[in-house]
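First listed ligand is number 1; within each ligand, the first listed atom is number 1.
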Amino acid sequence: MRPAGSLDSMTTELLDLARTIALEAGELAARRRREGVEVAATKSTLSDVVTDADREVELLIRGRLHDARPEDAFLGEEGGAVGGPSGLTWVVDPIDGTANYLYGIPHYAISIALVEGDPDPLTWRGLAGCVFNPAIGELYTADRGGGAFLGGSRGNDVEIRAAGPVPLELAMINTGFAYNATTRGRQGEVITRLLPMVRDIRRFGTASLDLCMVANGRANAYVERTLSPWDHAAGAIIAREAGAVVKGFGDAAPSSDLILAAEPMLAARLEPLLIELGMRFELPSS
Ligand code: LIP
């Protein structure tokens, strides 16, 4: 039992808030998807799209969080950052997996995280995370020190754990690719070298759900470069609480430079291998 009034007990309450808002946001995203979705604009490249639903869902989340927690800061994919004096920041991807959403692939998510410290993934401390895939009704939650759970809109949460150790040749590895054409070409080369060494590779297109898949053993590892903070903030907390290591290169925290999530022994095997296979190339400055 967590002492009332502690940061931990507050975090648990704030996770409940995130869950309520994610469910409402997910309902809106799914309704807009049923009505039909089109590209509203492209961002960094033609592959990097935004829909009106992304913007509308972010506004809903931001509004609900502001009403409940006016002193907290906010960092969202579509609307940017708003400061706040509490030292806590909500990091939100209103629809992670926008390309899946656009194509009607039922694998996208509302991702809401609460972090402490500067809103920089290299230094922040993740407190709570909630990732909801409204297309199939799966809701992942975790708060620091409280374990990771998979449930649905009606609750029924079940604690989840990352898969146990496996040798490399039995590892199912999720990955993803940058929007920049040159960078994704180089990532593809590395993955081509890795493919014969592992059980298989998956590219599902939603980073937050890739991390949740590591958390519940549907994948043994997940690796990607060039993610934005909102893509991984919530999923990283969930994967860690489920027993996975979630890291960047060396001692670094996960960031746009690298995110590697896996059961600890597999992570220790994969990181030097990925470097050997050429994964640590210089990224273009954005
Ligand atoms: C996307 C991810 C996807 C990843 C892309 C991008 P978006 O987020 O979740 O898996 O490979 O680099 O970050 O743009 O759909 O919110």
### Message
With a 4.0 Å cut-off on N to O distance, would you call Glu56 and Arg31 a salt bridge?
### Response
no
### Check: Ser208/Asp96 side-chain N/O donor and acceptor closer than 3.5 Å
yes
### Task
For Asp93, counting its heavy atoms only, list the atoms of ligand 1 lying under 4.0 Å from any of them.
16 (O)
## Note on the structure
Filtering Asp54, Asp96, Leu211 for the heavy atom nearest atom 2 (C) of ligand 1 leaves Asp96
### Task
Check each heavy atom of Phe177 against ligand 1 and say whether those closer than 4.0 Å belong to the side chain, the backbone, both or neither.
backbone
### Task
Provide the number and element of each atom of ligand 1 under 4.0 Å from a heavy atom of Thr98.
15 (O), 16 (O)
### Task
Inspect the contact between Glu58 and Arg55 and indicate whether a charged nitrogen and a carboxylate oxygen are less than 4.0 angstrom apart.
no
### Atom indices of ligand 1, in the order listed, that fall short of 4.0 Å to a heavy atom of Glu77
14 (O), 16 (O)
### Query
Which residue and non-hydrogen atom of the protein lie closest to atom 13 (O) of ligand 1, and at what distance in Å?
Asp231 OD2, 2.9 Å
### Message
Please work out, at 4.0 Å between heavy atoms, whether the side chain, the backbone, both, or neither of Thr206 comes within that distance of ligand 1.
### Response
backbone
#### Entry: Residues Asp157, Arg19: salt bridge by 4.0 Å N-O rule
yes
### Query
So is Ala99 polar-close to ligand 1, meaning N/O to N/O under 3.5 Å?
no
### Shortest protein heavy-atom distance from atom 11 (O) of ligand 1, along with the residue and atom involved
Glu224 OE2, 2.5 Å
#### Entry: Nearest neighbour of atom 10 (O) of ligand 1 from the list Ser111, Ser47, Gly205, on a heavy-atom basis
Gly205
### Task
May I ask which of Tyr179, Trp230, Phe204 has a heavy atom nearer to atom 1 (C) of ligand 1 than the others do?
Tyr179
### Query
Hey, does Ala178 sit under 4.0 Å from ligand 1 if you only count heavy atoms?
no
### Task
Give a yes or no on this: more than 12 heavy atoms of other residues, nucleotides or ligands lie within 6.0 Å of atom CZ of Phe281.
yes
### Query
What class does the angle between the rings of Tyr108 and Tyr101 fall in, given that below 30° is parallel, 30 to 60° is tilted and above 60° is perpendicular?
perpendicular
#### Entry: Part of His232 within contact of ligand 1 (heavy atoms, under 4.0 Å)
neither
### Query
Does some non-hydrogen atom of Ile95 fall short of 4.0 Å from ligand 1?
yes
### Query
Ion pair present between Arg280 and Glu271, side-chain N to carboxylate O less than 4.0 angstrom?
no
### Summary
From the list Val49, Thr98, Leu59, side chain to side chain contact (heavy atoms under 4.5 Å, CB included) with Asp54 holds only for Thr98
### Query
Under 6.0 Å from the six-membered ring centre of Phe74 and within 45° of its axis: does the NZ or CZ of Arg69 meet both?
no
